[in-house]
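Notes for the one structure printed next.
To find a chain, count down the sequence lines: A is the first, B the second, and so on, and within it residues start at 1.
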Number of protein chains: 2
Amino acid sequence: MKAYKIPEATVMRLSIYSRYLHQLMEEEIDTIASGDIARGVGVSSAQVRKDLAYFGEFGTRGVGYKVEELYSHLMKILGLDKRWSVILVGAGKLGSALALYHGFLDRGFHICTVLDIDEKLIGTKLNGVIIENVDVMNARIIENNIEIGLVTVPALSAQNVTDRLVESGVSGILNFTPRVLKVPNHIILRNVDLSVNLELLSFNLGYHYKR
Amino acid sequence: MKAYKIPEATVMRLSIYSRYLHQLMEEEIDTIASGDIARGVGVSSAQVRKDLAYFGEFGTRGVGYKVEELYSHLMKILGLDKRWSVILVGAGKLGSALALYHGFLDRGFHICTVLDIDEKLIGTKLNGVIIENVDVMNARIIENNIEIGLVTVPALSAQNVTDRLVESGVSGILNFTPRVLKVPNHIILRNVDLSVNLELLSFNLGYHYKR
DNA sequence: AATTGTTTACGAATAATTTCACAAAAGGTA
DNA sequence: TACCTTTTGTGAAATTATTCGTAAACAATT
């Protein structure tokens, strides 16, 4: 274990492993070998061990891993042993879809503030949270200790909203718009493209390599 | 150009490039260099050229690429020059979120059938499409020429729904459940995890490599 | 206590992807 | 026409990620 730079693919897989381990816990299985995890999530056993090796030694030779123990290690590594406060900016189709989706809360991401500029939306509730005017952004971020912002506004407002999120002090931003956003170095930015997966599927269905 | 196996990362980037080119078309820019695309989407110019090189020679040395021309090449490569008929199985929180999201239709993916087993949902409309009982799956897939299925049911039903989709003749499946699904070799399967991006963010925010 | 069968951890080997660097092609200019 | 500038296309090099192969560790059994 040396752990300087962890490959993104490794982190993604850890997230997958953790979900699989959770499933095993429900099935009351308490020990598992890398090969079983591998089969369970569709990678190689060497991959599983290599991924884990970035962070330490969690297993017992000849035995495997204690499910609960490994699970909590992974959750800790992923930063999911705490509750994250999240602000959602843009309560349109995509934004409200995300707000309604339970998968985030299940993993500790609590959308505690939802903002928009549309007067028709402001004041209505989304999954129990009142949609407010973007003007209150700074106040809400500070009072709720919000660290993560989800940007689901129209492309043209994306950079503006992002700048305001940064000024207000969030540390991470998940950008759902198809725009490249500029943020200072200390801010973690990730871009999400919902339809890219469908397009990958479309490519694989259609592209039967000419030549 | 040899193009046997195209890296997945390349296909993802093509999708990004295509969106950026579309933006350029709206701005009525008609020629662009790889370096500009690169800056626009946040990769290196060599990367852009390498990615394109898998599929042919689209540019003019000393000049760059004709925006519209490259755009339509990319859309063709990605299989987005046609309309895809899509079936959505599972009209719960996540399913309805996806059905309401416009981004899919914008890229040619038309969700023309939505199924569920919940009597309370069946008969109601989602984005203009009536939710029907899963019993009609086979009929709808055939009559609408559906090739792609989105699985947004609870984890426990996922494999069952998948099997039925395969039997009914879809060629591609996008799995939104946290389960590893088994499909025959000729079926293209992709797994999507909505919260994995948030978790990657969480990891990057939290993990300041001990040792 | 010795033996056997597993399974991890990890360095080494291999494979895949990205970046580099430059010749070749095109357009513009004199 | 010759020359200059720009930018592509692409092998080669560098980097990054994955797989392989095996020693070491452990449990179970005799």
Residue pairs passing the salt bridge (charged side-chain N to carboxylate O under 4.0 Å, His left out) test with at least one member in residues 78-106 of chain A, sequence neighbours excluded, are A:Lys82-A:Glu147
B:Glu8 atom CD is separated from D:dT18 atom P, nearest whole Å, by 12 Å
With sequence neighbours left out, the residues meeting side-chain hydrogen bond (donor to acceptor under 3.5 Å, both in side chains) with B:Asp116 are none
Any side-chain N or O of B:Arg49 below 4.0 angstrom from OP1/OP2 of D:dT8? yes
To the nearest angstrom, the CD-C1' distance between B:Glu57 and D:dT7 comes to 13 Å
ask   = Does a nitrogen or oxygen in the side chain of B:Tyr65 sit under 4.0 Å from OP1 or OP2 of D:dG9?
value = yes
Original post:
Between the side chain of B:Glu68 and the main-chain N/O of B:Met25, is any donor-acceptor distance below 3.5 Å?
Top reply: no
Letter by letter from the 5' end, nucleotides 24-30 of chain D scores (B base, S sugar-phosphate only, - none; protein heavy atoms under 4.0 Å) BBBS---
- Message: Could you check whether any side-chain heavy atom of B:Ile6 comes within less than 4.5 Å of a side-chain heavy atom of A:Phe203, counting everything from C-beta outward?
- Response: yes
Could you tell me whether the phosphate oxygens of D:dT18, OP1 or OP2, come under 4.0 Å of any side-chain nitrogen or oxygen in A:Arg13? yes
Quick note, B:Ala46 side chain, CB onward, closest among D:dA17, D:dG9, C:dT19 is C:dT19
* **Donor/acceptor link under 3.5 angstrom from B:Lys50 side chain onto base of D:dT10** => no
Hits for side-chain hydrogen bond (donor to acceptor under 3.5 Å, both in side chains) against B:Asn138, two or more places apart or cross-chain, chain-then-number order -> B:Ser168
Quick note, ring-ring contact (aromatic ring centres under 6.0 Å, His included) partners involving residues 58-77 of chain B, not counting sequence neighbours, are B:His22-B:Tyr71, B:Phe58-B:His73
Whole-Å distance, A:Leu52 CG to D:dT18 P, equals 14 Å
Which of C:dT18, C:dA9, D:dT18 is nearest the side chain of A:Gln47? It is D:dT18
Sorted by chain and number, sequence neighbours left out, ring pair (Phe, Tyr, Trp, His ring centres under 6.0 Å) with B:Tyr20 holds for none
Sorted by chain and residue number, the side-chain hydrogen bond (donor to acceptor under 3.5 Å, both in side chains) partners of B:Ser15 (sequence neighbours excluded) come out as A:Glu199, B:Arg19
note: B:Met12, atom CE; C:dT18, atom P; distance rounded to Å ~ 11 Å
Here the distance between atom C1' of D:dT19 and atom CG of A:Asp51, to the nearest Å, is 12 Å
Contacts satisfying salt bridge (charged side-chain N to carboxylate O under 4.0 Å, His left out) that involve residues 172-181 of chain A (not counting sequence neighbours) are none
Sorted by number, residues from residues 31-39 of chain B placing a heavy atom under 4.0 Å from DNA chain D are B:Ala33, B:Ser34
